[in-house]
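Numbering of residues begins at 1 and proceeds along the displayed sequence.
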Amino acid sequence: MAWRLVLTRTNTNTKTQTLNPNSNPFLSLFFTSPFSTSFLVTKTPKKFKKKRKRNKESPRTKRVQSNPNLIPHFERIVERDSYFRFATKSKTFLSSQPEHVLRLDDAGKLHRELGFPRGRKVSRSILRHPLLFQTYRHTDSKMWLGFTDLMEDLLLEEQAIFNSMESQRVTTVRKLLMMSVNKRIALSKIHHCRQIFGIPEDFRDRVLKYPDFFRVVVEGDGRRVLELVNWDPSLAVSALEMEFMVDEDKAKRAFKFPVKHGKDLDLDFDDSRKLNLLNTLPLVSPYSGDGSKLDVWTLEAEKYRVGVLHEFLSLTLEKRASIHHIVEFKEEFSLTRHTYQMLLKQPRTFYLAGTEMNWVVFLKDAYDENGVLINKDPQVVFNEKLCRLAEMQEMEPGFCL
């Protein structure tokens, strides 16, 4: 840093004045630094900077599977769902609005309901799907969001699917109730998870058409609960049990529960077979109703929970469900907070994709080697067509509706 000498003098009026160095050559010597400052380091060299430790990945961003265990086609399905979140959620929300329209100003505040990123403009998401959504100026001079004519036709097609598949959806709900601890589930929970089962929006009203199967009870807090009226033994057979009858060896290989025992037990054939069953196929049926009475930390209790989740996924349209859907039925299916770790221990049957905080579990045997669902429900076929239209900017020639 250069030194500078400031000289002052006091006049007769005791006023202090600063001398101008330019007015006197002699004084300019005192205002000039005899030393160079170019050698001074003004910034810390990179090699001397302390290296910041990288923060460990949080459960929100850390993948469930490590690279060697990744199954790309399952991971792509999760990414696809994320890409089409706006299209699917906006379709559901707008369908419940009068005339299927919404003011654009109001839409911009509904990021959670419409599925677009918080803080982003909703118009950016609308422009990604021009075949499904459109904006227009109403007579009130306000911009509104609504469906295109193509989308309105698709909604009618979907409604026809709901009507044609109603009996199958009723059976699905009956089986869910039969698996539940007290044979009752809140209607709000079924409504929240309705899309993974293909259940229509108005199912809460449709159940009234089936008094032989269901009874709606209003509890003290106003919550509506769906109760099972009649038990049907023909429905109390899980997908795993049916598979066991077709291919016993394949079913026994589906799961493995470690059981500690000595190597030399000198068992005969029948005893060895029984021991193998103990650490493979779940013995407790998800329809037995005994799961809630089992000791939480016993092997039988874990087999019960694994069997329940296997049957739960078997009842879904795409043989998969997210953590949010599974947690919804935590009490009804006697699940614990260790469900995530429990599923990870069964890689033969289940595959967990996504991140540790937002994972999705798949039934591996329901998909082929390319990640294509083997048996597709009509609703799944419709959803796939909707996704293809959602990613088009204009109608492709020859596309079959």
query: Taking NZ, NE, NH1 and NH2 as the nitrogens, is one of them in E219 or R224 under 4.0 Å from a carboxylate oxygen of the other?
result: no
Polar side chain donor-acceptor pair, E391 to Y83, under 3.5 angstrom: no
message: Under a 3.5 Å cutoff, is there a donor and acceptor pairing between the side chains of H325 and S322?
response: yes
query: Taking K319 for the side chain and A366 for the main chain, is one N or O donor matched with an acceptor at less than 3.5 Å?
result: no
query: Any side-chain heavy atom of W144 within less than 4.5 Å of one from T135?
result: no
Please tabulate, one pair per line, all N/O donor-acceptor pairs under 3.5 Å involving side-chain atoms of residues 86-114, not counting sequence neighbours.
{"residue": "T88", "atom": "OG1", "partner": "F84", "partner atom": "O", "Å": "3.0"}
{"residue": "T88", "atom": "OG1", "partner": "R85", "partner atom": "O", "Å": "3.1"}
{"residue": "K89", "atom": "NZ", "partner": "R112", "partner atom": "O", "Å": "2.9"}
{"residue": "S90", "atom": "OG", "partner": "F86", "partner atom": "O", "Å": "2.8"}
{"residue": "S90", "atom": "OG", "partner": "L114", "partner atom": "O", "Å": "3.1"}
{"residue": "K91", "atom": "NZ", "partner": "E158", "partner atom": "OE1", "Å": "3.1"}
{"residue": "K91", "atom": "NZ", "partner": "E158", "partner atom": "OE2", "Å": "3.4"}
{"residue": "T92", "atom": "OG1", "partner": "T88", "partner atom": "O", "Å": "3.1"}
{"residue": "T92", "atom": "OG1", "partner": "Q195", "partner atom": "NE2", "Å": "2.7"}
{"residue": "S95", "atom": "OG", "partner": "K91", "partner atom": "O", "Å": "2.5"}
{"residue": "S96", "atom": "OG", "partner": "F93", "partner atom": "O", "Å": "2.6"}
{"residue": "H100", "atom": "ND1", "partner": "E152", "partner atom": "OE1", "Å": "3.2"}
{"residue": "H100", "atom": "ND1", "partner": "E152", "partner atom": "OE2", "Å": "3.3"}
{"residue": "H100", "atom": "NE2", "partner": "S95", "partner atom": "O", "Å": "3.4"}

D368 side chain to N370 backbone, donor-acceptor under 3.5 Å: yes
query: According to the interplanar angle, ranging from 0 to 90°, do the rings of F214 and Y210 count as parallel (below 30°), tilted (30 to 60°) or perpendicular (above 60°)?
result: perpendicular
field: D202 side chain vs D205 backbone, donor-acceptor pair below 3.5 Å
entry: no
field: Main-chain N/O of P286 paired to E311 side chain as donor or acceptor, under 3.5 Å
entry: no
message: Please determine whether a side-chain nitrogen of the Lys or Arg among R80 and E318 lies less than 4.0 Å from a carboxylate oxygen of the Asp or Glu.
response: yes
side-chain hydrogen bond (donor to acceptor under 3.5 Å, both in side chains) partner of Y351, the single match among K364, E75, H73: E75
query: Restricting to pairs with a member in residues 362-392, which pass ring pair (Phe, Tyr, Trp, His ring centres under 6.0 Å), not counting sequence neighbours?
result: F74-F362, F74-Y367, F362-Y367
message: For T355 and N358, which I'm curious about, is there any donor-acceptor pair between the side chains at under 3.5 Å?
response: no
task: Go through the steps for F197 and F312 under the test ring-ring contact (aromatic ring centres under 6.0 Å, His included), then give the verdict.
output: CA-CA 10 Å; F197 298 110; F312 177 82; 5.5 Å; yes
- prompt: Considering the options M151, H129, M395, which one meets the side chain to side chain contact (heavy atoms under 4.5 Å, CB included) requirement together with L389?
  reply: M395
field: Check: R184 main-chain N/O paired with N182 side-chain donor or acceptor under 3.5 Å
entry: no
message: For the backbone of K121 and the side chain of S125, can you confirm whether one donor and one acceptor N or O come within less than 3.5 Å of each other?
response: no
- prompt: So, for R215 and L228, which heavy atoms are closest and what is the spacing to 0.1 Å?
  reply: NH2-O, 4.4 Å
task: May I ask you to test the K183-E227 pair for a side-chain heavy-atom distance under 4.5 Å?
output: no
query: Judged by modelled atom types alone, do R388 and N383 share a side-chain donor-acceptor pair under 3.5 Å?
result: no
message: Between R169 and D377, does any NZ, NE, NH1 or NH2 come within less than 4.0 Å of an OD or OE carboxylate oxygen?
response: yes
- prompt: Are the charged groups of R63 and E356 less than 4.0 angstrom apart, N to O?
  reply: no
query: Can you tell me if T171 uses its side chain to pair, donor with acceptor, with the backbone of S167 under 3.5 Å?
result: yes
field: Backbone N/O of N230 and side chain of D212: donor-acceptor pair under 3.5 Å
entry: no
